[in-house]
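We name chains A, B, ... by the order of the sequence lines, and we start the count at 1 in each one.
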Amino acid sequence: MLKKNGRHDGVAKANAARDSDWLFSDLNDAQREAVVQTDGPVLILAGAGSGKTRVLTYRIAHVLANGLAAPQEILAMTFTNKAAGEMRDRVAKLVPELVSGMWIGTFHSLFARLLRREGERIGYPSNFAIYDDSDQMTLIKAILKEMNLNVQANPPRLLARKISNAKNKMLSPREFLETAETPDDDLAAQVYTLYQNRLREQNAMDFDDLLLKPLELFNSFPLVLQFYQDRFHYILVDEYQDTNHAQYLAVRLLAQKHKNICVVGDDDQSIYRWRGADLRNILDFEHDYPKCSMFRLEQNYRSTKNILAAAHSVVKNNRQRHSKELWTERQQGDRVMVYAVSDEREEARYVVNFINNEFRIANRNFYDFAILYRTNAQSRALEDALRVEGIPYNIVGGLRFYERKEVKDVLAYLRVLSNPADAVNLKRIINYPVRGIGDATVAKLEAFARDKKITLFDALSRAKEVSGIASRTADKVISLHNLLGKYISLQNEFSSAELATMLVEELGIFRFFKEEGTLEAASRADNVRELLLAIAEFNNANGRTTTLADYLQQVTLVSDIDTWNDKSNMVTLMTLHSAKGLEFSVVFITGLEEGLFPLSRSLDDPSALEEERRLFYVGATRAKEKLYLIWAKNRRRFGDLPGGAKSRFLKEIDQRYVQTNESRTQQLFKKKREQSIWEQDRMPNYEDESQEQIEFKVGMRVYHNKFGKGTILKINSQTDNVKLAVLFDEEGEKKLVLPYAKLEIL
DNA sequence: TCCCACTTTCTTTTT
DNA sequence: GAAAGTGGGA
């Protein structure tokens, strides 16, 4: 990404002239060749930081400026909305008058658009719902219940994964059932069958369906396929290494007529195998499109020589890759810093110190820094340290706004209004706010609906007919149906923002939070307010004609990175996965321990391990000037402290590019060992320092950084975790688990 | 049907 | 230490 260098200014001035100056002034030879080769299939192998987005956007601009195609004849697919938005903006800078009408977006959003237009043919009315992971999980749990199966013996998460894997292999429920080899798979196939039926009944699709249903549509309706084949003269795919089989097939079908398909990718940056991404799609491109042109972009404009060389020395250990090495004209730069620390808290303190140091020695801003980790759970200790130091930070991922309970509740109403067949969301709100319709009643209604072959929503209106539902309960059910029915018909008269506002008012949600009176309820109310604001904003940005379904789709298909604001001056914390495609002056990769990065689950699977290695490569190549790699000897995971071993990736780095500053504790340890070499080697036990459990006694005054001061009432040390009952002066009595509660003795 | 207290799980990564 | 799930009692 070359967003901040001055070269773009010249570009902005260029207009859509036939012979475009910018084509020559802004691109290197390889990039230019890739841009002007517009005919036929093109594979661009673009290394990290080699300007692949630039090539894609210039290619689109080139096609448009030279009249090779009209905007609506261009289809460009990415994986995140952020990437799509960036691409659109950059094309707009080059050829401002030619951008509207292009299909630029994520696979999921573009395919959803296609399905809203054409899905009716395969039985999906245009208002179909999109189920996210949690909807999916809710549905699977309901199915297990229906099948009288134990949730504990059959973890819904596992089933969801199996179903998704089957879908990614394009196996129908029947095919999956036929190929099932174990009883577990057999069961999964049965759940899959019901799951797919329920989705259809509820006019809903999950994320996988968004990619698969277009294929179903194309296969059943060749004329529809033909229409889109004719339409899209130029097709471009970003991050091609992350496409799965369905995406591969869809792209191939769409490109069949004009064959102007251009894919950009880097096999070294393929990190979504677990989501069905198939590396073969990029490795076999030449085979699939025999007459394709191939271009390699190997000049890196981002990182220093040291960073690039260090990253390469790791990734070259992978066997499944095109061999290649990036080069750069940039300076040698500092060596990559590798640090060993005692635990995650020290790790966080180190990061904070480094940030402060970088501020002193180099003239940096907060947005120059990124702290990367393998799992979201690692952010906590880092956040604590940043907060203590008063460093502004921004977390990408973690709890999303749209995943908060109160937000989901209101959204659930809107989703039912948009698609009344959506039983997953209807069940979510059927007793929210509490209106005396319990599980037993819902179960009877569901049975009735199934028996009469109607939707749950329609069953609500006939509650009186359901045997076993008391008359008073049936009245409540019917009044809910009336309420929903009223708003469903109001949809045509009011914008979705107005509708949502009226609904929240009528439900008395704010009143409900106010009565609760707690700080937490107030913040929940704020979140609902924010949601209403967001809906209004969406209406304003996209015009009043936008439907509720449009808004809900957008909400469901946003990713964490889409909402990240790279202009705010804050340190960014995020997972390595989220960091793909970004760049920062200074990058910290934390938690480089065997078992965490690479993750333990991948240790015995060579392909998975290679993917972890690519993830390391992706992380390291985000850095422009400085790269810090940190590992901790002890890290709290699952409550206990496994002795962490240094990640193999650290050992694989060519030491010529590395500077290792042993931590103070490690030096002490080394010194001690030298003094008494005959003594048994033992890692210092940091836990003993921080948790002198014997010190706590009943009656003692203590301090907790959330609850304040208090007195210990009771100590229960029978279990592994010592539990304390403490009477806090402000907050009253609380039960605390010692290893988690950071209690100080006063 | 609802509420509270207790237990269990969470830790891969995401459209 | 949070969130989600479970089970007993009102």
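Tested against F107(A) for a side-chain contact (heavy atoms from CB on, under 4.5 Å), the candidates T78(A), N244(A), T243(A) yield a single pass: T243(A).
I561(A) places its CD1 atom 12 Å from the C1' atom of dT14(B), with the value rounded to the nearest Å. Atom pair K82(A):NZ and dT15(B):C1' shows a separation of 16 Å (rounding to whole Å applied). One interatomic measurement links the two molecules: CD of Q269(A) to C1' of dT13(B), which rounds to 15 Å at whole-angstrom precision. Regarding L110(A), its CG atom lies at a distance of 12 Å from the C1' atom of dT15(B), rounded to whole Å. With rounding to whole Å, D384(A) atom CG is found 12 Å from dA2(C) atom P. Going from atom NZ of K405(A) over to atom C1' of dG5(C) covers 15 Å, rounded to whole Å. Taking atom CZ on F597(A) and atom P on dT13(B), their separation rounds to 13 Å, with Å as the unit. Distance, Q241(A) CD to dT13(B) P: 20 Å, rounded to whole Å.
OP1 or OP2 of dC2(B) sits under 4.0 Å from a side-chain N or O of N431(A). Side-chain N/O atoms of S109(A) include none lying less than 4.0 angstrom from OP1 or OP2 on dT15(B). Regarding contacts with the backbone of dT14(B), a side-chain N or O of T575(A) is found under 4.0 angstrom from either OP1 or OP2. Distances shown here put every side-chain N or O of N376(A) at or beyond 4.0 Å from the OP1 or OP2 atom of dT11(B). The phosphate of dT15(B) has OP1 or OP2 within less than 4.0 Å of a side-chain N or O from S559(A).
Put simply, the side chain of N81(A) never gets that close to the backbone of D562(A): no donor and acceptor are under 3.5 Å apart. Put simply, the side chain of E612(A) gets close to the backbone of L599(A): a donor and an acceptor are under 3.5 Å apart. Remark: the backbone N or O of G468(A) is paired with a side-chain donor or acceptor of K444(A) at under 3.5 angstrom. Not one N or O on the side chain of Q241(A) forms a donor-acceptor pair closer than 3.5 Å with the backbone of D268(A). Judged purely by atom type and a 3.5 angstrom limit, T138(A) uses its side chain to pair as donor or acceptor with the backbone of S134(A).
Within the nucleic acid shown, T441(A) comes within 4.0 Å of sugar-phosphate atoms alone, with no base atom in reach, counting heavy atoms only. Residue contacts for F79(A): at a heavy-atom cut-off of 4.0 Å it reaches the sugar-phosphate backbone alone, with no base atom in range. When heavy atoms are screened at a 4.0 angstrom cut-off, K141(A) is found touching the sugar-phosphate backbone but no base atom. At a threshold of 4.0 angstrom between heavy atoms, the contacts of R157(A) are confined to the sugar-phosphate backbone, with no base atom among them.
The side chain of Y272(A) lies closest to dT14(B), out of dT14(B), dT15(B), dG5(C). For T375(A), whose side chain is taken as the heavy atoms from C-beta onward, the closest listed nucleotide among dT13(B), dT1(B), dC2(B) is dT13(B). Of the candidates dT15(B), dT13(B), dT1(B), dT1(B) carries the atom nearest the A440(A) side chain, counting heavy atoms from C-beta on. Here dT14(B) is the nucleotide among dT13(B), dT1(B), dT14(B) with the atom lying nearest to any side-chain atom of R275(A). Listed nucleotides dA2(C), dC2(B), dT11(B) differ in distance to A377(A); the shortest reach to its side chain belongs to dT11(B).
Salt bridge present: D135(A) and R415(A) bring a charged side-chain N and a carboxylate O closer than 4.0 Å.
When the nearest nucleotides of DNA chain B are assigned to E612(A) and I437(A) by heavy-atom distance, the more 5′-ward of the two goes with I437(A). Between V434(A) and V558(A), the one whose closest nucleotide on DNA chain B sits nearer the 5' end is V434(A).
Helical stems of DNA chain B (runs of at least 3 Watson-Crick or G-U pairs, donor-acceptor distances under 3.5 Å) are listed by first residue: B:1-10 with C:1-10.
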Hey, can you pull the donor-acceptor pairs under 3.5 Å for the side chains in residues 574-582 of chain A, sequence neighbours left out?
{"from": "T575(A)", "atom 1": "OG1", "to": "S578(A)", "atom 2": "N", "distance (Å)": "3.1"}
{"from": "T575(A)", "atom 1": "OG1", "to": "S578(A)", "atom 2": "OG", "distance (Å)": "3.0"}
{"from": "H577(A)", "atom 1": "NE2", "to": "I271(A)", "atom 2": "O", "distance (Å)": "3.2"}
{"from": "K580(A)", "atom 1": "NZ", "to": "E239(A)", "atom 2": "OE1", "distance (Å)": "3.3"}
{"from": "K580(A)", "atom 1": "NZ", "to": "D242(A)", "atom 2": "OD2", "distance (Å)": "2.1"}

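One C1' atom belongs to dA4(C), the other to dT13(B), and the distance between them is 22 Å to the nearest Å.
In this structure, the side chains of Y373(A) and L596(A) stay at 4.5 Å or more apart for every pair of heavy atoms.
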